[in-house]
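In what follows, a structure is listed as structure tokens, so that the remarks can point back to it.
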Amino acid sequence: MRLSTKGRYAVMAMADLARHGRAEAGEGRAVSLAEIATRQEISLSYLEQLFARLRKSGLVRSVRGPGGGYRLAKTAGETVVSEIVLAVDEPIRAVRCAAHGTPRGCMLGGERCITHNLWEDLGDEIHRYLSSVSLEDVILNRTSRRPTPGGRPVASEVGVAA
């Protein structure tokens, strides 16, 4: 399963906003889409489309006037990646069926393929993982050090001090 550019770019832009909009105290500074576009090498017009959806979903607030731009609506620690992906209408699923969770399957006769449950479960795991990762985790590079469900560290964590 691949996440489209819409979802990936939205997460990249929000992580940039979280990193560059931080302030020592208070609300933080507004970050312009032009700054994000330059740093992340994303088209400004594409970012404008994404941020319209992010604003509509309540994940960002726009600030008008000189020094205007966008701010996170919640803290980076409170904003999870799955919210961002879903806000830009990116479904988090791995099945090939048109609608996640519908009884009608992807086969010509309407039945589910033999691997449907496997891919549906994978989509659920991806959603669970993205719901467990905050923007703060992303900007502090804490995504690769997550313990496995059994509580043991993942292979990349062996020998790494926490």
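All values below were derived from every heavy atom in this structure, side-chain atoms included, with hydrogens, water molecules and symmetry-related copies excluded.
Judged by distance alone, the side chains of T38 and E35 never bring a donor and an acceptor atom under 3.5 Å apart.
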* Between R8 and V85, does a side-chain contact (heavy atoms from CB on, under 4.5 Å) hold up when you go through it step by step? -> CA-CA 8 Å; R8 286 187 299 123; V85 173; over 6 Å; no
* To do: Go through I36 and Y9 one step at a time and tell me if the side-chain contact (heavy atoms from CB on, under 4.5 Å) criterion holds.
  => CA-CA 11 Å; I36 296 171; Y9 286 3; over 6 Å; no
* **Candidate pair R112 and E120, rule side-chain contact (heavy atoms from CB on, under 4.5 Å), full reasoning** => CA-CA 11 Å; R112 291 178 172 196; E120 189 170 53; 3.8 Å; yes
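Here OG of S43 is found 12.5 Å from CD of E41. Values are rounded to the nearest 0.5 Å. One finds the CG atom of L54 at 9.5 Å from the CG atom of L47 (value rounded to the nearest 0.5 Å). Note that CD1 of I42 is 8.0 Å distant from CG of D16, once rounded to the nearest 0.5 Å.
We find that E83 and K74 are joined by a salt bridge, their nearest charged nitrogen and carboxylate oxygen being less than 4.0 Å apart.
Here the side chains of H20 and R29 are in contact, with some heavy-atom distance below 4.5 Å. Contact annotation: the side chain of L72 never approaches that of E78 to less than 4.5 Å [non-hydrogen atoms, C-beta and beyond]. Side-chain contact between R22 and I139: present, with at least one pair of heavy atoms (C-beta onward) separated by less than 4.5 Å. In this structure the side chain of T5 reaches within 4.5 angstrom of the side chain of Y46, judged on heavy atoms. A heavy-atom distance below 4.5 Å is not found between the side chains of E136 and T79. Residues I84 and L135 form a side-chain contact, since some pair of their non-hydrogen atoms from C-beta on lies under 4.5 Å apart. R71 has its side chain out of reach of V60: every pair of non-hydrogen atoms, C-beta onward, lies at least 4.5 Å apart. Using a 4.5 Å heavy-atom threshold, the side chains of V31 and R39 count as touching.
Applying the ring pair (Phe, Tyr, Trp, His ring centres under 6.0 Å) test to every pair with at least one member in residues 59-85, sequence neighbours left out, gives these pairs: F51-Y70.
The local environment of CZ in R53 is crowded, with over 12 non-hydrogen atoms from other residues, nucleotides or ligands closer than 6.0 Å.
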